[in-house]
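For reference, the structure is listed below as structure tokens.
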Amino acid sequence: MIGVDELLMFQPLKKLYGFYQRIGDAAGIVVHSGHPRALQRFTAAHEYGHHILGHVGSLDSRAEIEGSPEVENPLQEYQAQAFAGALLMPINLINRGCAELSIDLRNPSAAAIYDLSLRFGVSYTAMRTQLRTLELIDYRTFK
């Protein structure tokens, strides 16, 4: 939880999606205010992951938040991504959402994954990535 010595801000940023900085006992998160709400939520969760995991700081662009095959991210970025995915899309709630929406993950449609993403307030890409990470869908599904 963000406390007195920690701060969450939404500001226009040029190339960054967000950043996290810890200085002594104080810490702060800034998220790009011009992005869609689902992307802001995921970025905030990613930056909060840096905080919870004890990282000193991180400047996060598209490559760190959305992933990029051209960029090899440091371990702390993978950790923050895993944290954000687990925070926003925990497996028990994904399973419940699939049951309530009658989604069969053995053969899901792109529309079904999109419907699930709307339920969680995340992007289609974030939901697809989390389903792959949890091995609920095959990596080749909807490349």
Side-chain angles (χ1 to χ4, degrees), residues 1-101 103 105-106 108-143:
M1 177 154 267
I2 303 287
V4 174
D5 293 332
E6 298 136 359
L7 185 60
L8 171 63
M9 294 176 50
F10 294 84
Q11 297 289 323
L13 302 172
K14 292 189 187 239
K15 294 186 180 185
L16 292 178
Y17 279 39
F19 62 88
Y20 171 73
Q21 182 68 52
R22 179 190 310 265
I23 300 172
D25 291 337
I29 293 170
V30 178
V31 175
H32 190 327
S33 61
H35 284 164
R37 185 169 293 164
L39 183 54
Q40 288 181 26
R41 289 181 75 243
F42 193 87
T43 302
H46 176 100
E47 301 308 335
Y48 187 55
H50 285 303
H51 178 69
I52 291 297
L53 296 167
H55 302 156
V56 174
S58 184
L59 300 173
D60 295 319
S61 66
R62 179 182 180 278
E64 290 81 19
I65 302 297
E66 294 183 358
S68 172
E70 300 88 37
V71 176
E72 181 66 29
N73 283 320
L75 178 59
Q76 79 171 22
E77 293 305 330
Y78 292 110
Q79 293 170 332
Q81 282 297 85
F83 178 90
L87 179 68
L88 297 176
M89 299 166 279
I91 191 167
N92 61 321
L93 295 183
I94 287 175
N95 288 333
R96 182 185 306 164
C98 287
E100 290 172 357
L101 296 171
I103 296 172
L105 290 177
R106 291 173 297 191
S109 67
I113 292 174
Y114 180 70
D115 288 344
L116 197 57
S117 76
L118 292 176
R119 177 170 280 223
F120 283 83
V122 298
S123 69
Y124 170 85
T125 301
M127 180 55 70
R128 183 191 63 199
T129 300
Q130 183 68 351
L131 293 173
R132 287 177 177 165
T133 299
L134 296 171
E135 298 181 350
L136 296 173
I137 62 173
D138 185 86
Y139 185 77
R140 294 172 297 227
T141 304
F142 310 114
K143 283 187 174 183

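The first residue of the sequence shown is numbered 1, and numbering continues consecutively from there.
Distance alone, capped at 3.5 Å, is enough to place a donor-acceptor pair between the Gln76 side chain and the Gly57 backbone. Remark: the backbone N or O of Ile29 is not paired with any side-chain donor or acceptor of Glu47 at under 3.5 angstrom. A donor-acceptor pair under 3.5 Å links the side-chain atoms of Glu64 to the main chain of Ser61, judged by distance alone.
Separating the CG atom in Leu53 from the OH atom in Tyr48 is a distance of 10.5 Å, to the nearest 0.5 Å. To the nearest 0.5 Å, atoms CD (Gln130) and CD1 (Ile113) are separated by 12.5 Å. Expressed to the nearest 0.5 Å, how far NZ of Lys14 lies from CG of Leu16 amounts to 11.5 Å. Summarising the geometry, atom OG1 belonging to Thr43 is positioned 4.5 Å from atom CD1 belonging to Ile65; distances are rounded to the nearest 0.5 Å. Rounding to the nearest 0.5 Å places CG of Leu88 at 12.0 Å from OG of Ser117. Between Phe120 atom CZ and Ile94 atom CD1 the span is 5.5 Å, to the nearest 0.5 Å.
Other residues, nucleotides and ligands contribute only 12 or fewer heavy atoms inside 6.0 Å of the CD atom of Glu135. Atom CZ of Phe10 sits in a crowded spot, with more than 12 heavy atoms from other residues, nucleotides or ligands closer than 6.0 Å.
Screening residues 79-97 for side-chain hydrogen bond (donor to acceptor under 3.5 Å, both in side chains), with sequence neighbours left out, gives His46-Gln81, His55-Gln79. Contacts classified as side-chain hydrogen bond (donor to acceptor under 3.5 Å, both in side chains) and involving residues 26-41 (residues at least two apart or in different chains) are not found.
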**Request:** Give the C-alpha distance, both sets of side-chain angles, the deciding distance and a yes or no for side-chain contact (heavy atoms from CB on, under 4.5 Å) between Met89 and Val122.
**Result:** CA-CA 9 Å; Met89 299 166 279; Val122 298; 3.7 Å; yes
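Proximity of His50 to Asp60: side-chain heavy atoms (C-beta onward) are separated by under 4.5 Å at one or more points.
By the 30° and 60° cut-offs, the orientation of the rings of His51 relative to Tyr20 is perpendicular.
Gly97 and Leu116 get closest at one heavy-atom pair: C-CD1, 4.0 Å. Val31 and Leu8 make their closest contact through CG2-CD1, 4.2 Å (heavy atoms, listed as atom of the first residue, atom of the second, distance). Shown here for Gly85 and Phe42, the closest heavy-atom pair between the two residues is N-CE1, 4.2 Å.
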